[in-house]
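The first residue of the sequence shown is numbered 1, and numbering continues consecutively from there. Both ligands and their constituent atoms are indexed starting at 1 by order of listing.
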Amino acid sequence: MVCLGNICRSPLAEGVLAKLLLDSGSDYFVDSAGTSGLHAGESPDSRSIRIAEKHSIHISKQKARKIQLEDFRRFDLILAMDLSVFNDIVALAEAADQQKIHLFLDFAEMGRKDVPDPWYGEMEDFRTVYDLIARACDKIRIKLLKNRD
Ligand code: 4NP
């Protein structure tokens, strides 16, 4: 799961999908990163932590990190929270790895749309983002488990 800062959207997507897959008894490894290193080493935004906690998802121990070139080899699926992040990481990846990269909501078959950046927003924006991410992660869980059968 990749966003810009790795403190608002992708930590939520990591936490939600990891929990859904764990609850389904699957052994997928889910991680997140940002295209910017601006917040590297920081905990998720307190508003993301709070909205996740409301849904019994604990993300406060995550630490932001910048995406590394080796991530393109390590991971089978790389989901970008918005088109700008998508374009940035496609440009970083080698041609053979570019097919692993998708727009998050597009992969969830919810349209070729962005998860809006809530960083400059209010708590209400984080609620909206959480709901969008939770809906998408449920669709992604179904897709991943179906592909594994
Ligand atoms: P994220 O949100 O990409 O969802 O983690 C942002 C966090 C920080 C900044 C921008 C977006 N920033 O400009 O510092």
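- Considering both main-chain and side-chain atoms, G5 comes within under 3.5 Å of ligand 1 through a nitrogen or oxygen pair.
- With values rounded to the nearest 0.5 angstrom, F72 atom CZ is found 4.0 Å from I67 atom CD1.
- Among all protein heavy atoms, the one lying closest to atom 11 (C) of ligand 1 is D117 OD2, 3.1 Å.
- Residue-ligand proximity, L38 to ligand 1, at heavy-atom distances under 4.0 Å covers atoms 14 (O).
- Summarising the geometry, atom NZ belonging to K61 is positioned 10.0 Å from atom OG belonging to S43; distances are rounded to the nearest 0.5 Å.
- Residue, atom and distance of the protein heavy atom nearest to atom 4 (O) of ligand 1 are R9 NE, 2.7 Å.
- Near I7, the atoms of ligand 1 lying under 4.0 angstrom from a non-hydrogen atom of the residue are 5 (O), 7 (C), 8 (C).
- Of the protein's non-hydrogen atoms, H39 NE2, 2.7 Å is the one closest to atom 14 (O) of ligand 1.
- Taking the charged nitrogens against the carboxylate oxygens, E124 and R127 do have a contact shorter than 4.0 Å, which makes a salt bridge.
- Taking the six-membered ring for Trp and thresholds of 30 and 60 degrees, H39 and W119 have ring planes more than 60 degrees apart, a perpendicular arrangement.
- Geometrically, K143 engages F107 in a cation-pi contact, judged by NZ or CZ lying under 6.0 Å from the ring centre and within 45° of the ring axis.
- For atom 12 (N) of ligand 1, the closest non-hydrogen atom on the protein side is W119 NE1, 3.4 Å.
- Within ligand 1, the atoms closer than 4.0 Å to a non-hydrogen atom of C8 are 1 (P), 2 (O), 4 (O), 5 (O), numbered from 1 in the order shown.
- Looking at P118 next to ligand 1, no N or O pair under 3.5 Å apart turns up.
- Taking distance alone, with nitrogen or oxygen atoms compared against 3.5 Å, S10 stays at or beyond that limit from ligand 1.
- A salt bridge does not link D23 with R141: none of the charged nitrogens is closer than 4.0 Å to a carboxylate oxygen.
- Geometrically, ligand 1 and C3 share no nitrogen or oxygen pair separated by less than 3.5 Å.
- Salt bridge E94/R73: absent, no basic N to carboxylate O contact under 4.0 Å.
- A salt bridge links D31 with R65: at least one charged nitrogen is closer than 4.0 Å to a carboxylate oxygen.
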